[in-house]
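Since the structure comes first, as structure tokens, the remarks are kept for the end.
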Amino acid sequence: MVRLVLLDIEGTTLPITFVKDVMFPYAARALPTVLEEQAEPVVIKARADIEAAFPGRAPLDVCRDWMARDEKAAPLKALQGVAWRQGFADGTIRADLYADVLPALQAWHDAGLRLAVYSSGSIPSQKLLYGHTVQGDVTGLFEGFYDLSTGGKKDADSYRKIAVAAGVAPQDILFLSDIGAELDAAIEAGYAVCQLVRAQDGTVPHPGVPQAATLGEVAQNFDLLGA
């Protein structure tokens, strides 16, 4: 029986284009200022981690290389989170969830299902995104947020750690993502999984896993409203 639904973000609850066409370009424009002028601990740590890993290179150049390759590097994600905080705070950025997402999440929450997020974006940036959507602040629907500090999303051990942290047996967790390699890792950890195949994002179906076009279909396929 599913007790906890763990959700990816881009391609699962909101369009990939929002991240690629809105959030990433905004962060790219803001990163020079963040690196040069911000003195908060998360920025200091990210800068130090980059300098330790790439001695002699400017942190901004390293970040630009990472962004060009779409690397899921923890220091970059932390710095992007700082940049996005300003964009969400002043209203420049607003996340627009797929139309099926909020009704499904609200229904699952009301039915007693536990909900959590696992994304390569930092936990602060996850909360910013879900706290500033066109549909309103939806962070209250989630009990937990997990990022790369837990481990890579294509590593089965990451999903085992999340199960332990949540206090839920792996077989009672349903992971939703559009990425086949992430689903495979979750299956290895003992999770139930479902791939979101969004026509808007051109998602390529991953062989051998259940698939759904909307969270409503997920609910039907896994009888989630009977939770």
Taking all non-hydrogen atoms of both residues into account, name the closest pair between [X] and [Y] and its distance.
| X | Y | answer |
| --- | --- | --- |
| Phe18 | Ala95 | CZ-CA, 3.5 Å |
| Ala28 | Pro32 | O-CD, 3.5 Å |
| Ala156 | Ala189 | O-CB, 3.6 Å |
| Pro25 | Val19 | CD-O, 4.3 Å |
| Val42 | Ala78 | CG2-CB, 3.8 Å |
| Val138 | Leu102 | CG1-CD1, 3.7 Å |

State, with a plain yes or no, whether a side-chain heavy atom of [X] is found less than 4.5 Å away from one of [Y].
| X | Y | result |
| --- | --- | --- |
| Gln80 | Val34 | no |
| Thr214 | Tyr98 | no |
| Glu10 | Thr17 | no |
| Trp108 | Val5 | yes |
| Leu31 | Leu79 | yes |

What donor-acceptor contacts under 3.5 angstrom involve side-chain atoms of residues 192-200, with partners at least two apart or in another chain?
| residue | atom | partner | partner atom | Å |
| --- | --- | --- | --- | --- |
| Gln195 | OE1 | His206 | N | 2.7 |
| Gln195 | OE1 | Gln211 | NE2 | 3.4 |
| Gln195 | NE2 | Asp178 | O | 3.0 |
| Gln195 | NE2 | Val204 | O | 3.0 |
| Arg198 | NH1 | Asp100 | OD1 | 2.7 |
| Arg198 | NH1 | Ala213 | O | 3.2 |
| Arg198 | NH2 | Thr12 | O | 2.8 |
| Arg198 | NH2 | Asp100 | OD2 | 3.1 |

Stepwise, does the side chain to side chain contact (heavy atoms under 4.5 Å, CB included) test hold for Gln126 with Asp147?
CA-CA 9 Å; Gln126 294 174 28; Asp147 62 12; 3.7 Å; yes
[X] [atom1] to [Y] [atom2] distance, which is reported to the nearest 0.5 Å:
| X | Y | atom1 | atom2 | value |
| --- | --- | --- | --- | --- |
| Arg85 | Asp90 | CZ | CG | 12.0 Å |
| Leu97 | Arg94 | CG | CZ | 12.0 Å |
| Ile93 | Gln86 | CD1 | CD | 9.5 Å |
| Arg64 | Leu76 | CZ | CG | 12.0 Å |

As a quick check of understanding, evaluate side chain to side chain contact (heavy atoms under 4.5 Å, CB included) for Val117 and Lys127, giving each step before the final call.
CA-CA 10 Å; Val117 179; Lys127 292 180 177 180; over 6 Å; no
Which residues pass the salt bridge (Lys or Arg N to Asp or Glu O under 4.0 Å) test with Lys77, not counting sequence neighbours?
none
Could you check whether any side-chain N or O of [X] sits under 3.5 Å from a backbone N or O of [Y], counting only pairs where one atom can act as donor and the other as acceptor?
| X | Y | answer |
| --- | --- | --- |
| Glu182 | Ser177 | no |
| His109 | Leu105 | no |
| Arg3 | Ile173 | no |
| Ser158 | Gly152 | yes |
| Asp70 | Lys72 | no |
| Trp84 | Met23 | yes |
| Asp155 | Gly151 | no |
| Arg114 | Ala166 | yes |

Give the intermediate values and the outcome of salt bridge (Lys or Arg N to Asp or Glu O under 4.0 Å) for residues Asp49 and Lys45.
CA-CA 6 Å; Asp49 288 346; Lys45 182 180 186 305; 2.8 Å; yes
State, without any angle test, whether Tyr26 and Asp21 hold a side-chain donor-acceptor pair at a distance under 3.5 Å.
no
So, Gln106 versus Asp110: side-chain donor-acceptor pair below 3.5 Å or not?
yes
So among Ser119, Ser120, Ser125, which one has a side-chain hydrogen bond (donor to acceptor under 3.5 Å, both in side chains) with Ser122?
Ser125
Aromatic ring centroids of Tyr118 and Tyr159 under 6.0 Å?
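That pair passes the under 6.0 Å test.
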So if you build clusters from Ile, Leu, Val, Met, Phe, Trp, Tyr with side-chain heavy-atom gaps below 4.5 Å, do [X] and [Y] land together?
| X | Y | result |
| --- | --- | --- |
| Leu113 | Ile9 | yes |
| Leu14 | Ile179 | no |
| Leu128 | Phe24 | yes |
| Val168 | Phe142 | no |
| Tyr130 | Leu4 | no |

Apply the test side chain to side chain contact (heavy atoms under 4.5 Å, CB included) to residues Leu176 and Leu6: give CA-CA distance (whole Å), side-chain angles for both, the deciding distance (0.1 Å), then the verdict.
CA-CA 6 Å; Leu176 306 180; Leu6 182 67; over 6 Å; no
Could you go step by step and tell me if Glu40 and Val82 meet the side chain to side chain contact (heavy atoms under 4.5 Å, CB included) rule?
CA-CA 9 Å; Glu40 58 186 283; Val82 173; 3.8 Å; yes
Knowing that exactly one of Lys161, Arg160, Lys154, Lys153 qualifies, which makes a salt bridge (charged side-chain N to carboxylate O under 4.0 Å, His left out) with Asp157?
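Of Lys161, Arg160, Lys154, Lys153, salt bridge (charged side-chain N to carboxylate O under 4.0 Å, His left out) with Asp157 is met by Arg160 alone.
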Among Thr13, Val101, Val218, Leu174, exactly one meets side-chain contact (heavy atoms from CB on, under 4.5 Å) together with Leu7. Which residue is that?
Thr13
Which of parallel (below 30°), tilted (30 to 60°) and perpendicular (above 60°) describes Tyr191 and Phe175?
perpendicular
Can you pull out every ring-ring contact (aromatic ring centres under 6.0 Å, His included) where at least one residue sits in residues 49-79? Sequence neighbours excluded, please.
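Listed by first then second residue: Phe54-Trp66.
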